[in-house]
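Every chain is numbered from 1 and lettered A, B, ... according to where its sequence line falls, protein lines coming before strand lines. Nothing here was measured: the structure is a model prediction, and the numbers come from that model.
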2 protein chains.
Amino acid sequence: MNRCESCIVKEFNSLKALTRDELMRISSCKTGKLFKKGEIIFEEGEILNGVFCVKDGVCKLSKLSENGKDQVVKLVVKGGLLGKRSIVSDETTNLSAVALNDMEMCFIPKSEIMADLKKNPNFTLDVLQKMAGDLRDSEDTLVDMAQKPVKQRIAETLLYILDNFGTDEDGYLSIVISREDYASIVGTATESAIRILSHFKKEGFISTSGKKIKIEEPKALKWIQ
Amino acid sequence: MNRCESCIVKEFNSLKALTRDELMRISSCKTGKLFKKGEIIFEEGEILNGVFCVKDGVCKLSKLSENGKDQVVKLVVKGGLLGKRSIVSDETTNLSAVALNDMEMCFIPKSEIMADLKKNPNFTLDVLQKMAGDLRDSEDTLVDMAQKPVKQRIAETLLYILDNFGTDEDGYLSIVISREDYASIVGTATESAIRILSHFKKEGFISTSGKKIKIEEPKALKWIQ
DNA sequence: ACAATTACATAACAAATATCATATTTAAAA
DNA sequence: TTTTAAATATGATATTTGTTATGTAATTGT
């Protein structure tokens with residue numbers, strides 16, 4: 001099974017729902033694309049006619065707030081899909097996608113997936129369940145944003161990245177993003193994010209090497225409030 | 001068409017997707033329920049085996065944050081459904097539902113709807129689109145929460161209620177909720193919500209009569225930041 | 001109608017966070 | 001490499017928001 005098949009599998013849990021043939025056809029992935037660090041994959045307001053599947057690299061899904069600041073809604077890594085919602089709704093996307101490092105992606109046209117959605121109820125039900133999970137996550141994040149102080153949000157973001165994307169061979173978080181990105185994940189000023197990360201470093205909760213961050217005391221971060 | 005049919009229609013746009021017979025069967029609504037103001041309809045962590053349909057009254061969907069404060073995620077009025085996600089996922093609900101005034105509801109068992117989800121792909125696709133819309137809303141709210149100051153969030157909440165739930169014959173917002181609820185919609189302290197509403201009143205943007213609020217200057221509220 | 005409770009209101013103060021200014025370090029480009 | 005630009009870091013200060021306290025008005029229950 002090639003990597004592109006596996007991304008469909010990861011997102012839609014489709015091994016059960018899609019037949020081998022359907023999976024192969026969707027995964028044929030004729031339009032592979034490369035994006036460089038910082039490059040825009042799509043922007044808020046565009047109409048997407050398919051989904052992007054991440055084969056390598058990391059990107060952020062974000063939305064520009066009225067005050068001109070970017071808010072990161074989600075990080076997507078290998079095996080993740082961008083533009084899922086565009087499959088079922090014809091509206092423009094409400095999010096922008098930007099590569100955080102060099103990326104390899106493939107593109108699956110909407111038409112390919114729509115065919116299966118209409119034919120295969122199990123597949124549709126599966127997509128539905130995935131969407132329900134996304135909604136739950138988004139609601140939970142909303143509550144965190146509204147109720148938890150910045151320091152706690154940053155601590156939890158570090159733990160989230162550790163838990164979901166892991167570390168490299170030296171124990172540093174495998175996802176390396178700027179302080180500005182951390183700020184726009186938790187919705188604060190860049191200086192505040194920097195200050196809090198410096199504080200964590202001073203306390204020994206984390207250590208850094210360039211932009212890389214190593215989590216030394218996950219328990220200490222968990223207790224922060 | 002009775003009111004209970006209409007709520008299914010509103011949420012799922014099912015006139016097209018469901019046959020008349022399917023709609024009638026689901027809407028049969030044998031288990032009507034009444035809830036008094038303040039009563040809990042269901043709580044975070046429960047397993048729901050169906051959806052509630054609001055026939056009259058208003059309720060809030062909220063989630064208890066770790067700091068013990070309630071965060072309102074959504075207001076639901078006549079025609080809205082509670083527990084939609086429970087239909088497709090077997091997980092416990094992440095939200096609590098509490099009646100904000102006396103309510104009349106009906107309950108549709110999960111099994112009734114599941115049958116149609118599995119048989120009728122168009123219906124499933126329709127539910128999927130609705131869920132995609134909910135996800136978009138939730139993401140947009142998340143960005144607002146993270147990026148906009150409290151004053152602006154309260155101003156926008158007032159306008160949201162005006163636009164979505166309208167006014168009574170005297171021009172007051174038809175949804176009447178406590179200052180504490182306003183606070184927990186925008187994620188702030190009750191005193192802060194009170195202070196800001198008082199400020200709006202002093203500026204002439206709104207006027208009040210008891211707990212009722214009338215929006216006098218929607219444009220002024222729109223410009224706040 | 002009355003007491004008791006709850007909601008609303010306001011002020012004074014404390015804490016959190018944003019903004020502005022300015023180094024310093026790191027990465028990118030010439 | 002050298003130069004330039006960008007990212008990181010930190011302090012001082014302003015603003016926003018939370019907390020505590022106290023009082024008034026409105027509801028509720030008896």
Side-chain angles (χ1 to χ4, degrees), chain A residues 36-39 65-71 98 100-102 144-155 157-158 172-173 176-203 206-214 224-225, chain B residues 36-39 60 65-71 98 100-102 144-155 157-158 172-173 176-203 206-213 224-225:
Chain A
K36 285 183 185 167
K37 179 181 175 180
E39 204 172 338
S65 175
E66 284 164 29
N67 62 13
K69 282 180 193 163
D70 220 33
Q71 175 66 36
V98 176
L100 292 179
N101 47 39
D102 292 352
D144 288 346
M145 282 293 180
Q147 299 284 355
K148 294 179 178 173
V150 176
K151 194 183 282 185
Q152 191 176 4
R153 300 209 298 267
I154 290 191
T157 299
L158 290 169
Y172 290 95
L173 292 180
V176 178
I177 58 179
S178 69
R179 305 293 195 253
E180 191 181 4
D181 284 325
Y182 275 103
S184 90
I185 288 173
V186 303
T188 191
T190 305
E191 294 92 328
S192 297
I194 290 173
R195 213 186 306 267
I196 288 167
L197 286 171
S198 298
H199 172 249
F200 287 168
K201 203 159 68 175
K202 216 167 282 171
E203 298 286 328
I206 65 173
S207 62
T208 60
S209 168
K211 291 176 69 167
K212 291 188 297 180
I213 294 177
K214 185 190 290 187
I224 280 171
Q225 54 165 359
Chain B
K36 285 181 184 166
K37 179 181 175 182
E39 206 172 337
K60 62 178 175 185
S65 175
E66 284 164 31
N67 63 12
K69 282 181 195 163
D70 220 33
Q71 174 66 37
V98 175
L100 292 180
N101 46 39
D102 292 352
D144 288 346
M145 282 292 179
Q147 299 285 355
K148 294 179 179 173
V150 176
K151 192 182 285 187
Q152 191 176 4
R153 301 209 297 267
I154 291 192
T157 298
L158 291 170
Y172 290 96
L173 292 181
V176 178
I177 58 179
S178 68
R179 307 292 197 249
E180 191 180 4
D181 285 324
Y182 275 104
S184 90
I185 289 172
V186 304
T188 191
T190 305
E191 294 87 338
S192 296
I194 290 173
R195 201 183 355 228
I196 288 167
L197 287 172
S198 298
H199 168 71
F200 287 169
K201 203 159 66 176
K202 215 167 282 171
E203 298 286 328
I206 65 174
S207 62
T208 60
S209 168
K211 291 176 68 166
K212 291 188 296 179
I213 294 177
I224 280 171
Q225 52 166 356

To the nearest angstrom, the CZ-C1' distance between A:R153 and C:dA16 comes to 11 Å

So, A:R153 side chain and A:D144 main chain: donor-acceptor pair closer than 3.5 Å or not? no

Does the side-chain contact (heavy atoms from CB on, under 4.5 Å) test come out yes or no for A:K211 and A:S178, once each step is laid out? CA-CA 7 Å; A:K211 291 176 69 167; A:S178 69; 3.9 Å; yes

Residue among A:Y182, A:F200, A:Y172 satisfying side-chain contact (heavy atoms from CB on, under 4.5 Å) with A:I213: A:Y182

Take A:I154 and A:I224 through the side-chain contact (heavy atoms from CB on, under 4.5 Å) test and state the conclusion after the steps. CA-CA 10 Å; A:I154 290 191; A:I224 280 171; over 6 Å; no

Give each protein N/O atom lying under 3.5 Å from an N/O atom of nucleotides 25-30 of chain C, with the pair distance.
none

Should A:Q225 and B:E66 be marked as a side-chain contact (heavy atoms from CB on, under 4.5 Å) after you check the CA-CA gap, both sets of side-chain angles, and the distance that decides it? CA-CA 10 Å; A:Q225 54 165 359; B:E66 284 164 31; over 6 Å; no

Take B:A146 and B:S178, find for each the nucleotide of DNA chain C with the closest heavy atom, and name the residue whose nucleotide sits nearer the 5' end. B:S178

Atom pair CD/CD of B:Q71 and A:Q147 - distance to nearest 0.5 Å: 5.0 Å

What's the separation between atom OG1 in B:T157 and atom CD in B:Q152, rounded to the nearest 0.5 Å? 10.5 Å

What's the CD1-P distance between B:I206 and C:dA9, to the nearest Å? 9 Å

Using the side-chain contact (heavy atoms from CB on, under 4.5 Å) rule, take A:T188 and A:I196 through it: C-alpha gap first, then chi angles, then the decisive distance, then the call. CA-CA 11 Å; A:T188 191; A:I196 288 167; over 6 Å; no

B:S198 side chain N/O closer than 4.0 Å to the phosphate oxygens (OP1, OP2) of C:dC8? no

In this structure, how many angstroms lie between the C1' atom of C:dA15 and the CD atom of A:Q225, rounded? 14 Å

Determine the minimum heavy-atom distance between A:R179 and A:T208, stating which atoms define it. NH2-CG2, 4.1 Å

Sugar-phosphate, base or nothing in reach of B:K201, heavy atoms under 4.0 Å: sugar-phosphate

Check each residue of residues 188-197 of chain A for a non-hydrogen atom within less than 4.0 Å of any atom in DNA chain D, then write out the ones that pass by number, or none. A:E191, A:I194, A:R195

Boundaries of the chain B footprint along DNA chain D (any atom under 4.0 Å from a heavy atom): D:dT17 to D:dT20

At under 4.0 Å, does any side-chain N or O of A:K151 touch on OP1 or OP2 of C:dT17? no

Can you check whether A:S184's main-chain N or O pairs, donor with acceptor, with A:D70's side chain at less than 3.5 Å? no

Measuring from atom CD1 of B:I206 to atom OG of B:S198, what distance do you get when rounded to the nearest 0.5 angstrom? 8.0 Å

Length of the line joining B:R179:CZ and C:dT6:P, which is rounded to integer Å: 19 Å

